[in-house]
Enquirer: 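Before I ask anything, let me first share the structure, which is written out below as structure tokens.
Just so it is clear, the values below take in all heavy atoms, side chains as well, and ignore hydrogens, waters and symmetry mates. In this chain, residues are counted from 1 in sequence order.
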Amino acid sequence: MEIFKEPVNVVLRQFNSNIENGLDKSTILSARKKYGKNILKITNSRNFINILFSQFKSPLVIILMIASMISYYLGQPRDGSILLVIVLLNALIGFYQEWKSENILASLNKLIVNKCTVIREKKTIEIITEDLVPGDVVKLYEGDGVPADIRLIHTNGFSVNEFILTGESLPSDKDYLFATDKTIPFVEIKNCVYMGTTVARGQATGIVYATGLQTEIGKISTSSQKIKVPDAPVQTEIADVAKKLTYAILLIGACLFGTRLLLNDSIPVALVFAVSVAAAMVPEGLPAQISMALALAVGRLAKRNAIVKKIASAQTLGSATVIASDKTGTITKNEMTITGCYFNSESFLVSGLGYEPQGNISNEKNIVMKKESLGDLKIFFLSGFLSSTGKISPPDTFHSTWHAIGDPTEAAFATLAIKAGFTLEEIEKEYPMIKVFPFDSVRKRASIIRSHKEKIVSSVKGSIESVLAVSAKIISNGAVSELTTTQKEAIMAKATAFSENALRIIAIAYKDLEIKKDYTIEEAEQDLTFAGFVTMFDPPHSQVKAAIELVFKAQMKVFMITGDNEVTAKAIAKNIGLMNPNNTFPLVINNTTLQNMNDEELKKVFSNRAIIFSRVSPDDKLRIVDLLMQQGEIVAVTGDGVNDTLSLKRADIGIAMGRNGSKVAQEAANMILLDDDFSTIVVAVKEGRIIFRNLEKTIKTNLSSNVAELTCVLFGFAGSFLGIPTPILAVQILLIDMIGEMFPLTMLTYDPPEKNIMEISPRNPKDKILTKDTIKGIVFSGTIMGLVSFSAFIITYFANFDRSNHYEKAITITFISIIFSQYANLLSRRTYGAALGSYFLSNKKLLLAFLFSISCIFLIVYVPMFNYYFHTSPLLLKDWLYPITAGSVCLILFELKKYIFQKNNL
Ligand code: ADP
Ligand code: MG
């Protein structure tokens, strides 16, 4: 059945639903059984087989396998099999790392709880979209994600972004009255909306007709839609380096091959030697190691409530230099309680906290006002509620307390109306809604037109300035009179006094309209009768104060960007330690000042480490972000509404809210805060810095050991002209990469931050990890490690010349020496302090990896079977002195160098 061709009542009947009451419990249960959960299968962007096979695609692995086959062919099954085993093990480890990374990334989506508003059993409630069933009556608001395929039954200035389905980037208008009997493409269907699209404007009610895999997007996504996640800059850099190194080493390999031929080796023997040595020295495990380290970090971020959508952002985060944050909902909790009202030149106190409709209203003489004694105050409370779309709902399965449904600012008026003695259902019935002009942060007002008996009223609320600006009259003591400038000033003064106590102000006004078919926003919001205002309390998140301190320590800037006025903004800034007690710091720039500043002037004030921007519109925000970025700042910006998408997309790190944010903002952002908390941004920045520091260690340590192996091989090669045998064999080099490196290096990603990580300035993201200086450092340590190990070989080879097995012993010692000097290298590089100081024991996983690595060495040295395969030989106790000395010499040299060049080449 093509739902868009059917009249609404047919659809309702099909699903046993009802527009006013929604579904009842039994219908919901049977629908759930019949249709299942409303979820799409999350398909990994790459599947199992795909990842497994890609491990064998690298040219080196292929060459290595050929080398192994040649070994068999030459009748050296021992080398052939061991090469094969090592290739396979390497591939498996690489596979595991990539598979794990993919899974971590894929699982993140599940952490973002998508909610939607439905009518069930006569009540408007909020549920998670997973629980939606066909037949549910859903309400859709600006910025929402469309949670299922829905036939619209009511629309109000409603348009949706359907790019994901139709490829059309402009919002398309929807109209519930649209009817057709032809089969038409999606773009033309005006009376349905589809899962995965988002609401661009307006509001609608509709009935769900398809969920989960039955939805249009569900049908597409089962035929598999793959999105390639772009790599982080560090991944690109290292992939590039690995590629260059591969070529360089293949070249070296070719030279070795040629020379071995000259030394009268047969072609296959020379080939096996050259190829396997070359392959051993390529850091082919590094890219997978980095991917896994990044993915693990992304997983850790998720545990701390920050969902990073692109792996690249995890790296960018660590370089953030400015955090530009909203006030409401990020710095504060967006839990609105109306604490007082101002009406008739009199203030009233409202008791109770949160959305629970418990509390009362008392006047200046502390007398509690009953519904009967409210008098003309009633019109005030009524208008407040009539201008709001928000609802409140008691605790339920998904919420532990009374909670807001829809915009918290709007929902607070529902609580207030009940406290004033009204019954919401009754008001709703007596004042049916005709048209809604929702709040937007440009005009800073919201209005709703409703009919009441024979009359039409428009109820308006918004910021005090914006409401006074469109008010011409005022009601006091039941009488309406002209609103004079003096009165306006007095009201403003009163409001400012409240703002100084960190309260938000929402003013309320109304007007009667003539009866006609349709109304414009100008008609609804002009020549209003001013009623009064309410004060709203919105507590700051508890960790914000500490977070702000940390931001300053970490040499980042904080800009508070708010649509609220200067006074409230300042008062809140003071509460969280952003503003000093005597109001001298930071600078406060309101939108008028901002508009009068040209770009150059603005860039100049950006040098301040904190600024408060008040009464800012989304355009201003975009301008601020833009200019900051032009100055090379790395900007993290938060946003929640539809209007914030441009800023979110433009900034280096766009941050959306997971709880109170719109779906639209979440889609534009690259990070989502599950707890909507400013301090989580700071936690994420810190995590970003840790990630980077640990990656840096991994990369540098890894590459130095390749240089060490190369040095050893090249010396051995030179030595071969003097009749000295090869100091280390190819299989052993491969083995070093596996047991000496893979495990300890992977564990470096768990290294804890050093104390100063949030006290140094942010790293310039354009800086490469491998600068000339660091490459020099890597070559330096690698050469030392190689030299020391080669020396160990020479000494043992000649010292033990008369003993049996002396060659195997010597190469065993070289093998262990390289590993031990690699340990030294790793230990020295992982801290700015002393390698064996307090930091030494800080990472248990690393210590375990060492233990594992050392155990493997023992097996390889003492188990006869391994001796046979790896050409090693058991060592006497005193033989261990050589590798231990090699490691110690390296450690001492590296530590010395660190102290001498403290800053440079870590
Ligand atoms: P912020 O998020 O920085 O507090 P907003 O742009 O959300 O700023 O709000 C600016 C002002 O608009 C608020 O101070 C308040 O007076 C008013 N306002 C906010 N939300 C609503 C709403 N839903 N209806 C009417 N007015 C609102
Ligand atoms: Mg806001």
Enquirer: Give the C-alpha distance, both sets of side-chain angles, the deciding distance and a yes or no for ring pair (Phe, Tyr, Trp, His ring centres under 6.0 Å) between H452 and Y431.
Expert: CA-CA 5 Å; H452 179 54; Y431 293 82; 3.9 Å; yes

Enquirer: Would you find a donor on one side and an acceptor on the other, under 3.5 Å apart, between the side chain of K419 and the backbone of I361?
Expert: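 Checking the backbone N and O of I361 against the side chain of K419, no donor-acceptor pair under 3.5 Å is found.
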
Enquirer: Let me know which of I464, I506, V467 forms a side-chain contact (heavy atoms from CB on, under 4.5 Å) with F533.
Expert: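 Only match with F533 under side-chain contact (heavy atoms from CB on, under 4.5 Å): I464.
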
Enquirer: So, for Y194 and F186, is the gap between ring centers shorter than 6.0 Å?
Expert: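 Yes, close enough.
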
Enquirer: Any donor-acceptor pair under 3.5 Å linking the side chain of Y355 with the backbone of M336?
Expert: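 Present.
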
Enquirer: When you compare the side chain of E465 with that of K444, does any pair of heavy atoms fall below 4.5 Å?
Expert: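 Result no, sub-4.5 Å side-chain heavy-atom pair not found.
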
Enquirer: Just wondering, are more than 12 heavy atoms of other shown residues or ligands nearer than 6.0 Å to NZ in K453?
Expert: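 Incorrect, the count does not exceed 12.
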
Enquirer: Are any of the side-chain heavy atoms of L674 and R659 separated by less than 4.5 Å?
Expert: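 Contact flag for L674/R659 side chains = no.
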
Enquirer: For residues N161 and E168, is any side-chain donor paired with an opposing acceptor at under 3.5 Å?
Expert: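 Judged by distance alone, the side chains do not pair up.
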
Enquirer: Distance to the ring centre below 6.0 angstrom and angle to the axis at most 45 degrees; does that hold for K621 and F613?
Expert: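 Not satisfied by the 6.0 Å and 45° rule.
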
Enquirer: Roughly how far, to the nearest 0.5 Å, is CD1 of I456 from CD of E523?
Expert: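 Going from CD on E523 over to CD1 on I456, the span is 11.5 Å.
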
Enquirer: Without hydrogens or angle criteria, can the side chains of Q487 and T484 be said to hold a donor-acceptor pair below 3.5 Å?
Expert: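 The answer is yes; a qualifying pair exists.
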
Enquirer: Is the count of non-hydrogen atoms from other residues, nucleotides or ligands lying under 6.0 Å from E346 atom CD greater than 12?
Expert: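 Buried by this count: over 12 neighbours within 6.0 Å.
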
Enquirer: Considering residues, nucleotides and ligands other than K649, do more than 12 of their heavy atoms fall under 6.0 Å from its NZ?
Expert: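 At most 12 heavy atoms, drawn from other residues, nucleotides or ligands, come within 6.0 Å of this atom.
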
